[in-house]
Amino acid sequence: MTGKKGSEVFFFSNLDRASRAIAKYLIQMILEATVRKKQFNLAVAGGDTPRHLYSLLASKFSDQIPWNLVHIFWSDERYVPKESRYNNYAMVLGALISKIPIPNPNIHRIITELEPPEKAASSYEKLLRKYFSDKAAYTFDLLLLGMGEDGHIASLFPHSAELMEKERWVVSVNAPSAIYPRKRITLTLPIINKAKSIFFLVSGTKKKDIVNSIQKDHKIARKIYPAAMVSSINKLIWFVVNDLPLIANIEKPQ
Ligand code: 6PG
């Protein structure tokens, strides 16, 4: 199933299968890229869904990856201490970084000790602009994204002013009151849409329905879901965990 120009959607019966598919794709991309340019820039998603993928990369697939050539960035961060269980860096540190031979200088977290949040955002933007010039053809080799059940990506929420940001690459935001933690630092669409490839990993019926509506009527979806405002330079692939038992999808014989 292909969606808007260049995007593809793959369905999996469980999170393990979807995570393994991404891991295999990622290894191939890293090996190809590091033949040419000796560094692979990976931006990771926060939240819960990608945790299993990160633990697979740290175990089953780890020895296939030249970790010394991989640099890790974040798509967003909750403005909480790095030791907090709500912190995305802490989640990736526990599931992946603490278990692989990756050099410390390759880890580029969003420094939430900086106050106020705007300072944490501008410091991260400075770091990114050191790695990626405005004129570069693309930024991250791969950006991993999750999606909320409202269609948010990173910490860009529906109808938020930050979705209209055209210049800055990193901003501080207040998430909707129902979301905790509210204060966040997030990449914006100008840098997200300059990623060479973007993989979405989403699980659950509500998110599957959003994916289907994005694929079916992208023009309308763009007005509602930040996820529909994402595009990449090269590949955009959705890895969707279709958590309905597969049998449920089989048409009943007439
Ligand atoms: C975050 C993430 C966020 C996440 C979605 C989905 O900081 O929370 O960057 O955008 O990807 O909220 O989260 P789950 O995977 O936990 O459903």
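Remember, it's 1-based here, ligands and their atoms both numbered in the order they're listed. Side chains included, hydrogens not; waters and symmetry mates left out as well; all remaining heavy atoms used. What you see is a predicted model; the values in this text were computed from it and never measured.
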Tell me which one of Gly204, Ala154, Ser155 gets a heavy atom nearest to atom 3 (C) of ligand 1.
-> Ala154
Identify the closest protein heavy atom to atom 6 (C) of ligand 1: which residue and atom is it, and at what distance?
-> Met147 O, 3.4 Å
Shortest protein heavy-atom distance from atom 13 (O) of ligand 1, along with the residue and atom involved | Gly47 CA, 4.0 Å
What part of [X], side chain, backbone, both or neither, has a heavy atom within less than 4.0 angstrom of ligand 1?
X: Asp48; answer: both
X: Arg78; answer: side chain
X: Asn88; answer: side chain
X: Ser203; answer: neither

Residues Thr188, Val170; criterion side-chain contact (heavy atoms from CB on, under 4.5 Å); working and verdict | CA-CA 6 Å; Thr188 60; Val170 189; 6.0 Å; no
Side chains of [Y] and [X]: any donor to acceptor distance under 3.5 Å?
X: Ser62; Y: Trp67; value: yes
X: Ser172; Y: Glu118; value: yes
X: Asp76; Y: Ser155; value: yes
X: Arg129; Y: Ser133; value: no

Centres of the Tyr131 and Phe73 rings: under 6.0 Å?
->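 Yes, ring centres under 6.0 Å apart.
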Give a yes/no on ligand 1: does Glu77 have at least one heavy atom closer than 4.0 angstrom to it?
-> no
Is the closest heavy-atom distance from Lys207 to ligand 1 below 4.0 Å?
->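 Yes.
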Identify, by atom number and element, the atoms of ligand 1 in contact range of Gly146, meaning under 4.0 Å from any of its heavy atoms.
-> 11 (O)
Check each atom of ligand 1 against the heavy atoms of Asp76 and keep those under 4.0 Å away; list them by number with element.
->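 This gives 1 (C), 2 (C), 7 (O), 9 (O) as the contact atoms.
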Has ligand 1 got any nitrogen or oxygen that is less than 3.5 angstrom from a nitrogen or oxygen of Ala45?
-> no
Are Lys119 and Glu115 within salt-bridge range, i.e. N to O under 4.0 Å?
-> no
Does the distance from a Lys or Arg side-chain N to an Asp or Glu carboxylate O, for Asp48 and Arg51, drop under 4.0 Å?
-> yes
